[in-house]
Amino acid sequence: MDTYLETERLTLRHFTADDADLLIELDSDAAVMRYLTGGDPTAPEIVRERHLPGIIAGYERWGGDLGLFAAHEKDGGAFVGWFCLRPERQGPLDEVELGYRLRQAAWGKGYATEGSRALLRKAFTGLGVRMVWAETMAVNEGSRNIMQKLEMTLADTIPTPSDMEMIEGSEHGGVRYEITKEQWEQH
């Protein structure tokens, strides 16, 4: 397992072709998928044939420095979920999205904040990133709290994508948080 990044309690690594079952399990939990699909699981064949190959291709596209990263507890090695640090498909490499999706068993332990802080540090000190952004549904208080703990600021409200209109709270739309390198350095 090649380590991409370590925190006090987590190890982040590149996904491999052997990790489909981890992603399938994560995306089959209705609570995990609540604000993404309304709780509907991602079909296993979609994970195997589309998501995982796309994740792996991202490492090649961005030189291994950006993409989606599998997160495991250092103590025991349990899979906790994933973190992402990546630009939009045709976007500038110095503006990247921060994201996370964690198993329920990992909720409430501070892992999302810990892993995200380490990724912000890496982005701003080692990857030449100028600005990091994150988006979530307006009603997703858990995710918004993490963004606020990271000192990200509410930058915009965004309309709900049409494929997410069936999700509870979708009428409130989404929110975009941002933090620039200069803001990060001041904290």
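Just so it is clear, the model here is predicted, and its values are computed rather than measured. Basis for what follows: all heavy atoms, side chains included, without hydrogens, waters or symmetry-related copies.
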Quiz item: Using a side-chain heavy atom cutoff under 4.5 Å and only I, L, V, M, F, W and Y, what cluster partners does M131 have?
Solution: W133
Practice problem: Using side-chain contact (heavy atoms from CB on, under 4.5 Å) as the criterion, point out the one residue from L150, L66, L5, V96 that pairs with L119. | Solution: L5
Quiz item: Is there a donor-acceptor contact under 3.5 Å from the side chain of Y4 to the main chain of D65?
Solution: yes
Check residues 74-86 and write down every donor-acceptor pair under 3.5 Å in which the side-chain atom is one partner and the other belongs to a residue at least two apart or another chain.
{"unit_1": "K74", "atom_1": "NZ", "unit_2": "E6", "atom_2": "OE1", "d": "3.1"}
{"unit_1": "K74", "atom_1": "NZ", "unit_2": "T7", "atom_2": "O", "d": "2.6"}

Practice problem: Give me the other members of the hydrophobic cluster that I158 sits in, counting Ile, Leu, Val, Met, Phe, Trp and Tyr linked by side-chain heavy atoms under 4.5 Å, directly or via other members. | Solution: none
Quiz item: Would you say H72's side chain and L10's backbone share a donor-acceptor pair under 3.5 angstrom?
Solution: no
Quiz item: Are M137 and L102 connected in the hydrophobic side-chain network, where two residues link if heavy atoms are under 4.5 Å apart?
Solution: no
Practice problem: Could you grab the distance from atom CG of L12 to atom OG1 of T3, nearest 0.5 Å is fine? | Solution: 9.0 Å
Quiz item: Is there side-chain contact between E114 and R9, with at least one heavy-atom pair below 4.5 Å?
Solution: yes
Exercise. Report yes or no: does S28 contribute a side-chain atom to a donor-acceptor pair with the main-chain N or O of E25 at less than 3.5 Å?
Key: yes
Quiz prompt | From CD (E151) to NE2 (H187), nearest 0.5 Å | solution = 4.5 Å
Quiz item: Would you call R101 and M33 a side-chain contact if the rule is heavy atoms closer than 4.5 Å?
Solution: yes
Practice problem: Side-chain contact test, heavy atoms from C-beta onward, threshold under 4.5 Å: evaluate it for K109 versus E73 and give yes or no. | Solution: yes
Exercise. Please check if the side chain of Y59 supplies one atom and the backbone of L68 the other of a donor-acceptor pair under 3.5 Å.
Key: yes
Quiz prompt | 4.5 Å side-chain heavy-atom contact, L154 and R144 | solution = yes
Quiz item: Quick one: does V139's side chain get under 4.5 Å of H172's, heavy atoms only?
Solution: yes
Quiz item: Do T153 side-chain atoms and A155 backbone N/O form a donor-acceptor pair below 3.5 Å?
Solution: no
Self-check item: Minimum side-chain heavy-atom gap L120-I179 below 4.5 Å
Solution: yes
Exercise. Could you walk me through whether R130 and D94 pass salt bridge (Lys or Arg N to Asp or Glu O under 4.0 Å), step by step?
Key: CA-CA 5 Å; R130 181 183 60 76; D94 67 347; 3.5 Å; yes
Exercise. May I ask you to test the E97-V132 pair for a side-chain heavy-atom distance under 4.5 Å?
Key: no
Quiz item: Counting N and O atoms only, with roles assigned by atom type, does the side chain of R117 sit under 3.5 Å from a partner on the main chain of K149, one being a donor and the other an acceptor?
Solution: yes
Quiz item: Do the non-hydrogen side-chain atoms of E141 and N145 ever get within less than 4.5 Å of each other?
Solution: yes
Quiz item: For the side chain of Q183 and the backbone of T180, is there at least one donor-acceptor N/O pair under 3.5 Å apart?
Solution: yes
Report, one line per pair, each donor and acceptor closer than 3.5 Å where one atom sits in a side chain of residues 38-56; sequence neighbours left out.
{"unit_1": "T42", "atom_1": "OG1", "unit_2": "D27", "atom_2": "OD2", "d": "3.1"}
{"unit_1": "R48", "atom_1": "NH2", "unit_2": "D21", "atom_2": "OD1", "d": "3.1"}

Exercise. Could you walk me through whether Y177 and Q148 pass the side chain to side chain donor-acceptor pair (under 3.5 Å) test, one step at a time?
Key: CA-CA 8 Å; Y177 283 78; Q148 292 163 2; 2.9 Å; yes
Quiz item: Between the main-chain N or O of L22 and the side-chain N or O of D19, is there a donor-acceptor pair closer than 3.5 Å?
Solution: no
Quiz prompt | W184: ring pair (Phe, Tyr, Trp, His ring centres under 6.0 Å) partners, not counting sequence neighbours | solution = F124
Quiz item: Under 4.5 Å between side-chain heavy atoms, hopping through other hydrophobics if needed: is there a path connecting V175 to Y35?
Solution: no
Practice problem: Ignoring hydrogens and angles, tell me if any N or O in the side chain of S143 forms a donor-acceptor pair with the backbone of N140 under 3.5 Å. | Solution: no
Quiz item: By ring pair (Phe, Tyr, Trp, His ring centres under 6.0 Å), which residues pair with Y111, not counting sequence neighbours?
Solution: none
Self-check item: Value rounded to 0.5 Å, distance of CZ in R34 from CG in D29
Solution: 12.0 Å
